[in-house]
Protein chains: 2
Amino acid sequence: MDAIDLSLVDLLRGNARLSYAELARQVGLSAPAVHERVGKLESSGVVRGYRADVAPESIGLGVTALIGIVEDSGADTDDMLESLRVLPEIESCYFMAGVESFLLKARVGTIAELEQLIVRLNRTPGVASTRTAIALSTKWENRPQPVGSPAA
Amino acid sequence: MDAIDLSLVDLLRGNARLSYAELARQVGLSAPAVHERVGKLESSGVVRGYRADVAPESIGLGVTALIGIVEDSGADTDDMLESLRVLPEIESCYFMAGVESFLLKARVGTIAELEQLIVRLNRTPGVASTRTAIALSTKWENRPQPVGSPAA
DNA sequence: ACTCTCTGTGGATGCCATCGACCTGAGCCT
DNA sequence: AGGCTCAGGTCGATGGCATCCACAGAGAGT
């Protein structure tokens, strides 16, 4: 991970569909060299994938909620995690410091679906209680913060 | 937004670097047709961009925190938002229902940097108080939930 | 100094993006 | 019904890109 790798990462975080030729121009290397660097970043796990950023409401996922989970004392955390992982509505799952062991970000189409999700969560073994907060609007989300110094 | 558009969106949410030729094979259209459809999805705002998904710790952003903000009564929300927007550490910003008007997801390199960020937030005009919860680990994040029916 | 390795360049080749010309079917007006 | 118009498709051509390969040069270790 030298400065050029950081520049590549920054460029791809900004636009994952840049061609290798374009990346090469931006960082001042040849296209094959960039190809190899990006391949190594991928196989070493620095770059985990490439995702289109889609407006959620336009694909019927207009309701965003953040849900805190309090774990049962003596619950099997791994089992509970597997139960959570199966629910597609849960986009993100953080293990937190604090009373609420987990914080979930969930996305559903309607408030009714959110209600169903919460019911399912409360029935999940290991879950003692949940606390749900609804996002009224998303000001911005997953904004990539530049990390390579002054990249071209 | 017909079924083919939904398939394209799903495919690109899974791998934003798929070629138009490959997308065309997957949805059963020609490459130019897919090119035009994707172009329309972009210009209509359904697809907002393409981002590399990078392991944050590998670019020096190993600390994730969620920060709730209680607004001053009578504060100018728009001004406060602009002050928040300027802080690159804040990756996401949601306007919430509840006592805490805003919920921020912030990413920094060290606990010391998090401390500085919290101090800055508390000094920001319009901010009455903050409440910070630290993510000890990220189980998963920004997992795209499939939305097009059975896409190829 | 030799050599090993890592990382780069340059050239060649086949695939892909992209443009323009043309086709086809749905909807609608007369 | 006939025919206009338009949206959205296919096909073919062309130039750029991805990708493979052979080879070059810098640094480290012996």
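Numbered from 1 within each chain, the chains take letters A, B, ... in sequence-line order.
Contact footprint of chain B on DNA chain C: nucleotides with an atom under 4.0 Å from a non-hydrogen protein atom, first to last in 5' to 3' order, dC16(C) to dC19(C).
Not counting sequence neighbours, the partners of Glu36(A) by the salt bridge (charged side-chain N to carboxylate O under 4.0 Å, His left out) test are Lys40(A). Every residue two or more places apart in sequence or in another chain that forms a side chain to side chain contact (heavy atoms under 4.5 Å, CB included) with Ser44(B) is listed here: Val46(B). Ser43(B) pairs by the side-chain hydrogen bond (donor to acceptor under 3.5 Å, both in side chains) definition with nothing, not counting sequence neighbours. Residues that satisfy the salt bridge (charged side-chain N to carboxylate O under 4.0 Å, His left out) test with Glu42(B), not counting sequence neighbours, are absent from this structure. Applying the side-chain hydrogen bond (donor to acceptor under 3.5 Å, both in side chains) test to Tyr20(A) and every residue at least two apart in sequence or in another chain returns nothing. A search for side-chain hydrogen bond (donor to acceptor under 3.5 Å, both in side chains) contacts involving Thr64(A) returns Arg107(A), not counting sequence neighbours. Checked against side-chain hydrogen bond (donor to acceptor under 3.5 Å, both in side chains), Ser92(A) has no partners two or more places apart in sequence or in another chain.
Residue pairs meeting the salt bridge (Lys or Arg N to Asp or Glu O under 4.0 Å) criterion with at least one partner in residues 53-70 of chain B, sequence neighbours excluded, are Arg48(A)-Asp53(B), Arg51(A)-Asp53(B).
Of the residues in residues 29-41 of chain A, those with a non-hydrogen atom less than 4.0 angstrom from any atom of DNA chain C are Leu29(A), Ser30(A), Pro32(A), Ala33(A), Arg37(A), Lys40(A). Contacts of residues 15-22 of chain B with DNA chain C (heavy atom under 4.0 Å): Ser19(B), Tyr20(B), Ala21(B).
For the residue pair Ser7(B)/Gln26(B), the side-chain donor-acceptor check at 3.5 Å is not satisfied.
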Indicate every side-chain donor-acceptor pair of residues 78-85 of chain B with a distance under 3.5 Å to a residue at least two apart or in another chain.
{"residue": "Ser83(B)", "atom": "OG", "partner": "Asp79(B)", "partner atom": "O", "Å": "3.1"}

